[in-house]
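Notes for the one structure printed next.
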Amino acid sequence: MTGPRTGPAYDPAALARRARAQLLPEHYDFIAGGAGEERALRENEDAFARLALLPRVLRGGPGSGTRVTVLGREWPAPLFVSPTAFHRLAHPDGELATARAAAATGTPLVTGMAATTAVADVVAAARARNPEAVVWFQLYLQPEHEVTAELVRRAERAGCSALVVTVDSPVFGSRTRDLRNGFHDLPPGLAAENMRDLPGAAPGGTRDIAMWPAGWDDLRRLRDLTDLPLVLKGVLHPADARTAVEQGVDALLVSNHGGRQLDAAPAAVEALPAVAGAVAGRIPVLVDGGVRRGTDIALALALGAVAAGVGRPVLWALATGGEDGVTELLSTLRADFAQVLALCGGHRPGDLTADQVVARGFPYHRPKGEPAW
């Protein structure tokens, strides 16, 4: 017996191998690599593989749907594109191709502060494809308040609907592959375009993105600058999650920076349940890191997230297929999640619950109150 093909149309590892064949070794390593011995990088994927989903059966009801609401906007699926740097290393069209593909599939995009295309151009490309496209801007707080203020004004003028404030980078992580390759600067013709013509930069020139130990008071100053929702990215400790809620943050993004900062950090999905528990539904919790397939999205939702972000696979798809490659990837992930949701007995993303997540192998830890076999 056979049926229609609705499962994943790609092998994530094979996609990465094809991208590796397309890219210069130092550029591939920049995208693929992590900090230190790359334990956190590997664990992001391995942690998902250690988890299984217990499907529910005979639940009846109307047909299923994948829509979710995040910060007042309806998304067609609990999937978004996480911020990643330097898309023009992967393809000449860079962030413009990514933005068009995300908009065409209705997938929200977080465009990076270290993008090789300015935020105004990224948003324009997305809105030309879909006037309702959701684009958020990733922001590193800078030591000079006027620099942060100008970046915020640019994101506002461009039409971004939220700021994703990355807070896990008081210093740069030690990127082993970049150090080995001597990769410290972009090739001629490429630059972090959002850092151009900022206060303190030479006319027409760019500034470096500063990594420094910002504090909660700096976040409060940012709150005073803008009415845009603030999404705090890089929160792993539940105490920080509680403080963020108290400080009026609008959402959290559980992330270990793709394994590129603290190599001893846990996988993002391992940190997710404690953060979601600390938040207790007061604000949305999102997650990224190691998301490769629909089952990963489903696991993330069951453990407390409202949506999951995909990062490196977008760059692999961009390198191998340009805009069409990213469109296919995002469409595949969305369809894969819809199938997993249905197979788990769910009609909507909120039907996925923590008691459906178990560790692979024995002993099997039964949900509380479930009778012994």
Side-chain angles (χ1 to χ4, degrees), residues 1 3-13 42-68 70 75-80 82 107 253-256 266-277 279 281 284-311 313 329-373:
M1 180 178 178
R5 181 178 180 180
T6 56
Y10 83 109
D11 174 343
R42 292 189 296 272
E43 281 295 298
N44 273 343
E45 291 189 57
D46 291 348
F48 278 113
R50 290 193 293 269
L51 299 175
L53 284 162
L54 286 174
R56 301 298 304 274
V57 299
L58 297 176
R59 304 189 82 178
S64 61
T66 61
R67 293 186 175 276
V68 294
V70 181
W75 297 3
L79 172 69
F80 64 96
S82 290
T107 308
L253 174 45
V254 177
S255 174
N256 66 13
V269 73
E270 292 176 329
L272 172 61
V275 171
V279 167
V285 175
L286 302 91
V287 67
D288 71 9
V291 174
R292 299 292 183 267
R293 48 186 61 83
T295 49
D296 300 337
I297 301 171
L299 285 162
L301 267 59
L303 293 173
V306 299
V310 61
L329 169 74
L330 297 175
S331 298
T332 296
L333 285 172
R334 181 172 161 183
D336 190 23
F337 169 72
Q339 184 189 49
V340 172
L341 175 64
L343 289 170
C344 286
H347 300 292
R348 58 194 62 82
D351 292 341
L352 295 163
T353 53
D355 61 356
Q356 292 180 265
V357 181
V358 295
R360 293 190 180 276
F362 293 97
Y364 165 57
H365 297 288
R366 295 181 299 276
K368 186 176 180 180
E370 181 184 294
W373 291 318

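The figures that follow rest on heavy atoms only: side chains count, while hydrogens, waters and symmetry mates do not.
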What residues, two or more places apart in sequence or in another chain, satisfy side-chain contact (heavy atoms from CB on, under 4.5 Å) together with Val68?
-> Val70, Trp75, Pro78, Pro349
Can you pull the salt bridge (Lys or Arg N to Asp or Glu O under 4.0 Å) pairs that have at least one residue in residues 53-68, sequence neighbours excluded?
-> Arg67-Glu74
dist Thr66:OG1 -> Arg348:CZ (nearest 0.5 Å) comes out at 12.0 Å
Contacts of Glu270 that satisfy side-chain contact (heavy atoms from CB on, under 4.5 Å) - sequence neighbours left out | Glu43, Ala47, Arg50, Pro266, Ala267
What closest approach, in Å, do Arg293 and Pro12 show between heavy atoms, and which atom pair accounts for it?
-> NH2-CG, 3.4 Å
How long is the gap from CG on Leu333 to CG on Leu79, to the nearest 0.5 Å?
-> 6.0 Å
Between CG on residue Asn256 and CG on residue Asn44, distance to nearest 0.5 Å = 4.0 Å
Contact summary for Val340 and Gly294, nearest pair of heavy atoms | CG2-C, 4.1 Å
Answer yes or no: is there a donor N or O on one side and an acceptor on the other, between the side chain of Gln356 and the main chain of Thr353, under 3.5 Å?
-> yes
Looking at residues at least two apart in the chain, or sitting in another chain, which of them share a side-chain hydrogen bond (donor to acceptor under 3.5 Å, both in side chains) with Asp288?
-> Ser82, Ser255
Show me the side-chain donor-acceptor pairs of residues 297-304 shorter than 3.5 Å, one per line, residues at least two apart or across chains.
none

Close side-chain approach of Leu341 to Leu352, heavy-atom, < 4.5 Å | yes
Quick one: does Leu51's side chain get under 4.5 Å of Val358's, heavy atoms only?
-> no
Roughly how far apart are Arg360 CZ and Leu53 CG, rounded to 0.5 Å?
-> 8.0 Å
Just by distance, do the side chain of Asp296 and the backbone of Arg292 share a donor-acceptor pair under 3.5 Å?
-> yes
Output all residues satisfying side-chain contact (heavy atoms from CB on, under 4.5 Å) with Ala13, sequence neighbours left out; order by chain, then residue number.
-> Asp11, Arg17
